[in-house]
Amino acid sequence: MELYRVPVQIVPRPGILDPQGAAVVGALKTLGFASVVDVRIGRFLTVDVDADSAEAATLIVQRMCEKLLANPVIEDFALEAPRVQPRGKS
Amino acid sequence: MELYRVPVQIVPRPGILDPQGAAVVGALKTLGFASVVDVRIGRFLTVDVDADSAEAATLIVQRMCEKLLANPVIEDFALEAPRVQPRGKS
Amino acid sequence: MKFGIVTFPGSNGDYDAYHAAAEALGEEAVYLWHKDHDLKDSDVVILPGGFSYGDYLRAGAIARFSPIMTEVVAHAKRGAPILAICNGFQVACEAGLLPGALMRNISRRFISRVVTVRVENATSMFTHEYFAAQVLRLPIAHGDGRYIADPDVIASLEDDGRVAFRYSAPDGSIGDAYNVNGSVNSIAGILNESGNVLGLMPHPERAVDPLLGVPDGLGLFHSLLAGVAA
Amino acid sequence: MSEVLPRPGDPAITPELVKEHGLTPGEFDRVSKMLGRAPTFTELGIVSALWNEHCSYKHSKNTLRTLPTEGAAVIQGPGENAGVVRIGDGIAIAFKIESHNHPSAIEPYQGAATGVGGILRDVFTMGARPIAMLNSLRFGSLDSARNRYLFAGVVRGIGDYGNCIGVPTVAGEIVFDPAYDGNPLVNAMCVGMLREDELILAKAQGVGNSILCVGARTGRDGIHGASFASEDLSEASEAKRPRVQVGDPFTEKLLLEASLELIRSGHIVAIQDMGAAGLTSSSAEMAARGDVGVTIDTSLVPVRETGMTPYEILLSESQERMLVVALQGHEEAVRAILFKWDLTAEVIGKVIAEPVYRVTEGDTVVAEFPGSDLVTQCPRYDVPAREGADAIRLRAMDVSAIAELPEERDPAWTMLKLLASPTIASKRWAFQQYDSTVRTNTVVGPGGDAAVLRIRGTDRAIAVKTDCNGRYVALDPRVGGRIAVAEAARNVACTGARPLAITNCLNFGNPTRPEIFFQFTEAVAGISEACIALDTPVTGGNVSFYNESPTGSVYPTPVIGMVGVIDSLEHITRSTFRNVGDAIVLLGDCTDEIGGSEYLATVHGVTGGAPPGCDIVRERGVINTLLQAIQAGVVASAHDCSDGGLAIAIAECMMSDAEATTGADIDLAPWDSLPDRAVLFGEAQGRVIVSSGDADRVLQIAAENSVPARKIGVVRSRDEGLTIRVGRQKVRIGTDQLGEAYHTAIPKIMNTTAQAIVIDEVEGVLA
Ligand SMILES: Nc1ncnc2c1ncn2[C@@H]1O[C@H](COP(=O)(O)OP(=O)(O)O)[C@@H](O)[C@H]1O
Ligand SMILES: [Mg+2]
């Protein structure tokens with residue numbers, strides 16, 4: 001058993017209004033960042049799980065996302081590759 | 001000029017209490033995901049910018065993070081590698 | 001005394017602050033538009049409650065870059081009073097007028113109710129009309145009110161008497177059960193180093209009219225008035 | 001009329017496509033006749049939007065016509081975005097209620113939030129500043145995880161939207177009953193204030209005037225299901241068209257401020273929000289109200305996504321948008337105001353002399369309808385109404401024969417059980433998530449009988465409340481309809497307010513079923529009777545049909561939103577006992593009725609019997625008595641007797657305000673001849689508990705109004721608790737014990753770590 005950290009990106013589904021992102025684009029432009037074209041804002045989670053392998057860790061976090069972490073009506077999610085995590089640290 | 005998409009991860013600084021993360025851990029356990037050890041919740045942004053190169057895109061988004069997107073009192077941020085983005089699509 | 005109340009896009013406590021100053025106190029009050037660079041000769045600037053920029057990204061994060069904030073910061077530098085209420089407190093922290101940050105309530109829910117807070121510093125320009133350890137009844141209405149800061153910042157706030165208010169029991173005792181949003185050391189309001197910027201989550205401006213309940217917020221405004229008269 | 005050709009790429013108009021658009025063959029013929037040809041795809045979309053139940057009221061219009069809509073206070077009755085009544089001093093109140101049931105069932109948070117956003121727009125487009133929000137919610141039992149999830153998500157959605165906008169959420173009601181399993185009801189009401197001369201209507205006028213699209217950009221949100229037929233249902237197109245709209249309260253707040261500024265500016269003649277069916281319904285309805293022609297160019301509409309077709313632009317339900325008719329030549333002034341608020345306004349069309357409703361895409365006409373036929377010629381249906389056998393059987397049930405449980409031998413047990421029933425228990429868990437004090441006008445907030453808001457600059461206040469007992473309506477729709485109005489009026493009167501007018505949200509099942517249509521027409525008849533008798537005309541409302549779950553339709557739930565006026569701030573009255581030693585007086589009378597009661601539902605799991613009778617003349621007498629006594633200064637508190645009956649109402653008077661609890665000593669000997677449980681827990685109508693330092697005067701005023709009234713007890717201190725003498729029993733119970741049951745019931749359920757709660761927690765957290 002290793003401790004794996006699985007990073008999860010959750011983003012609003014395409015076509016879903018993202019008022020936060022729109023507000024941030026406006027703010028960035030006001031701040032002089034003229035080259036900004038779009039911003040979408042979602043959530044970033046790191047999930048630490050005990051698993052036998054990186055594949056197993058991915059699989060379980062995938063299930064967590066489907067079941068709980070993402071709202072399929074308005075969000076998509078993607079997992080990054082698990083990283084082995086030293087124990088006893090968060 | 002290309003359009004680059006720069007993914008940004010913003011996470012609570014270590015040591016900062018994350019009650020949301022704690023609630024999610026509890027929820028996952030209740031749902032039977034016994035192997036979950038910890039969850040930290042932050043923000044995931046994709047910033048689309050016009051830039052001459054991937055390096056330039058990274059640099060400008062880095063500046064955005066320092067100025068607006070992350071609050072150094074409570075958050076750390078990390079950029080992923082920029083990806084060239086086809087135009088006219090959000 | 002002239003009160004200048006900043007209206008950011010998404011502010012909604014500006015109206016309450018205005019009426020507290022103009023009606024309950026009978027003082028002059030003006031709204032200050034976020035896009036302007038003009039404090040209209042206000043003596044006291046109020047950063048009001050509400051949801052500036054929808055609280056999108058982080059509460060207060062975008063508002064701090066409004067043009068008017070340049071003048072507000074300069075006003076603070078001059079030692080003039082700034083009263084930062086609720087969302088205003090969040091803006092003030094983001095702008096560096098006050099240390100620390102306000103995070104999601106520990107209950108993770110928005111909380112709207114009357115709370116009791118204890119006056120910790122009864123000598124500041126905002127609070128000298130209260131007596132030390134006086135317990136006030138004030139409304140709160142926020143989702144992101146959990147005050148946090150680095151331990152050394154907290155230590156200096158405590159050591160310098162810059163904690164202005166703490167959530168407390170009705171009898172003034174302090175404890176987790178009364179720490180409504182989980183703030184470090186039950187902190188409900190703090191002062192900056194020179195004592196001319198007060199940030200607090202409770203709403204004194206909503207507690208100035210006996211028709212609506214105990215008018216415990218009046219003392220704060222009277223302190224400001226008396227300070228100028230003195 | 002122009003020639004209208006199909007747009008390249010339009011699907012062929014087949015019977016299947018017509019059906020997918022929700023049109024019957026008869027309705028299709030009607031359109032074809034109106035046009036003198038078959039409609040194009042774009043036109044089919046327009047018709048399907050305007051003629052669906054939600055916009056056209058095709059099954060309800062004929063019935064709604066029977067409601068009384070006129071009265072001295074009414075400035076604007078049904079037909080506009082909101083009703084408007086005058087309250088004196090040149091001040092008027094605009095108010096309206098609307099449902100968002102189905103979106104909330106899919107995505108409770110966004111569904112409820114966008115419901116709040118929509119009703120806010122209805123009110124501020126009248127020129128009124130929103131000053132209060134209310135909500136009326138129905139969920140299945142909280143024993144189910146899904147229902148807890150829906151409850152928590154809806155409450156959070158309502159809170160987040162209203163809190164962000166800065167309009168206090170001050171009152172409402174929440175009922176839990178298995179009848180709402182799978183089909184929650186989420187009705188939101190908004191109340192706004194304006195000066196009478198600031199009223200503006202949504203009536204397009206002035207040939208040559210410009211039509212502007214204002215506010216948020218248009219995306220592919222909520223385009224109704226039928227539009228999926230327009231292309232292959234690939235994964236990509238699925239993803240392109242989210243079923244739920246996401247609310248943006250921040251933009252709405254800007255839109256609110258900008259709209260009010262716009263209305264006061266004199267640059268515009270009409271304004272209307274884009275609600276259901278978006279641009280289509282707002283433009284067609286504005287044109288029809290003004291009896292003018294309009295032309296709209298979809299290529300000028302600011303969009304958020306590329307490649308949107310006219311069909312999509314017309315039917316999009318993107319939120320936070322308005323349609324404005326500006327005076328010719330004033331377009332730039334309009335844009336300047338919106339610009340100030342960081343919003344955009346684009347001219348997208350014109351008011352024209354030619355009597356047509358025309359849509360173009362650039363220069364190409366893509367849809368055209370003669371005159372306002374689209375709106376005025378929509379079909380109307382009367383369905384045969386026949387009462388369902390189930391309702392008849394349930395009503396006839398002899399509920400007095402239901403044996404008492406052994407535990408009931410101690411009525412204190414029953415009291416605690418009822419107080420902890422989620423429908424009766426304190427809803428603080430929910431309303432503590434609503435900012436109820438912003439704008440500093442809330443004199444009585446959530447938790448009272450009705451909310452009271454002072455009107456600044458006057459000595460007046462208004463009282464507002466929503467009410468409906470769906471169980472009563474299910475058992476006897478006419479009586480239930482009457483009671484809904486009477487109870488709302490009583491609640492408002494308990495605060496010292498004269499009931500003025502109502503709005504209503506009629507939540508029913510599938511109207512094409514005769515038993516549902518029977519419920520609908522009967523309930524509306526009951527509402528009419530009560531409104532006429534109480535002189536509270538109907539100024540508007542909303543109908544929500546097809547509230548059905550797999551197990552059947554919901555209880556018919558015609559929610560009443562009542563507004564009353566208090567002429568002097570001195571008369572504002574609260575529901576809880578104030579002074580130890582005051583006499584407790586019951587206005588009205590006890591009966592042996594227990595049919596349809598919360599007692600039967602909670603203790604015996606029974607929905608049955610006839611609901612309590614509603615003598616509307618008596619109701620009026622009780623309200624008059626109450627108001628006269630309040631105005632005479634002899635009422636310390638007044639609380640309406642409803643769910644759970646007299647015993648529960650008394651307990652609430654003692655402890656619902658946790659910070660000022662009292663005790664009471666009650667003697668119900670006058671009703672010894674009635675069954676104890678009917679006296680304690682029966683829900684006889686027309687009753688109010690008053691505490692007074694001058695009971696004789698209260699009794700005298702009651703007598704003058706021919707209202708039965710009796711002194712039933714005395715307010716005691718909290719330490720003395722509650723004592724009730726009833727029949728041969730003496731019930732004793734501590735105030736704190738009652739308070740504990742009442743205040744902790746819902747938190748205990750919602751703050752567990754049960755799976756669904758956690759799911760909501762997580763979504764709440766992650767939102
Ligand atoms: N139950 C009702 N009683 C009276 N009037 C109603 C009722 N339902 C709807 N109306 C009126 O019909 C009109 C159309 O309502 P509605 O379609 O809900 O408005 P919106 O366009 O805001 O959705 C409104 O003026 C409304 O007041
Ligand atoms: Mg409308």
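Everything numeric here is computed off the predicted structure, so don't read it as measured data. Proteins come first, then strands; the chains are lettered A, B, ... in the order of their sequence lines, and each starts at number 1.
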- Message: Restricting to side chain to side chain donor-acceptor pair (under 3.5 Å), what partner residues turn up for A:Glu66, sequence neighbours left out?
- Response: A:Gln62
- Query: Is the closest side-chain heavy-atom distance between A:Thr46 and B:Val39 below 4.5 Å?
  - Reply: no
- Message: Under the criterion side chain to side chain contact (heavy atoms under 4.5 Å, CB included), I'd like the reasoning laid out for B:Val49 against A:Val37: C-alpha separation, chi angles, the key distance, then a yes or no.
- Response: CA-CA 5 Å; B:Val49 287; A:Val37 173; 5.9 Å; no
- Can you tell which of A:Ile60, A:Val61, A:Asp18 has the highest number of heavy-atom pairs within less than 4.5 Å of chain B? A:Ile60
- Query: In a check of side-chain contact (heavy atoms from CB on, under 4.5 Å) between A:Asp48 and each of B:Asp38, B:Val36, B:Val25, which one passes?
  - Reply: B:Asp38
- Task: Report yes if some heavy atom in the side chain of A:Phe44 is under 4.5 Å from a heavy atom in the side chain of B:Val11; otherwise report no.
- Result: yes
- Item | Distance, nearest 0.5 Å, that separates CG of B:Leu31 from NZ of A:Lys67 | 5.5 Å
- Message: Which residues in residues 68-82 of chain B have any heavy atom closer than 4.5 Å to a heavy atom of chain A?
- Response: B:Leu68, B:Leu69, B:Glu80
- Item | Rounded distance (nearest 0.5 Å) linking atom CG of B:Leu28 with atom CZ of A:Arg63 | 11.0 Å
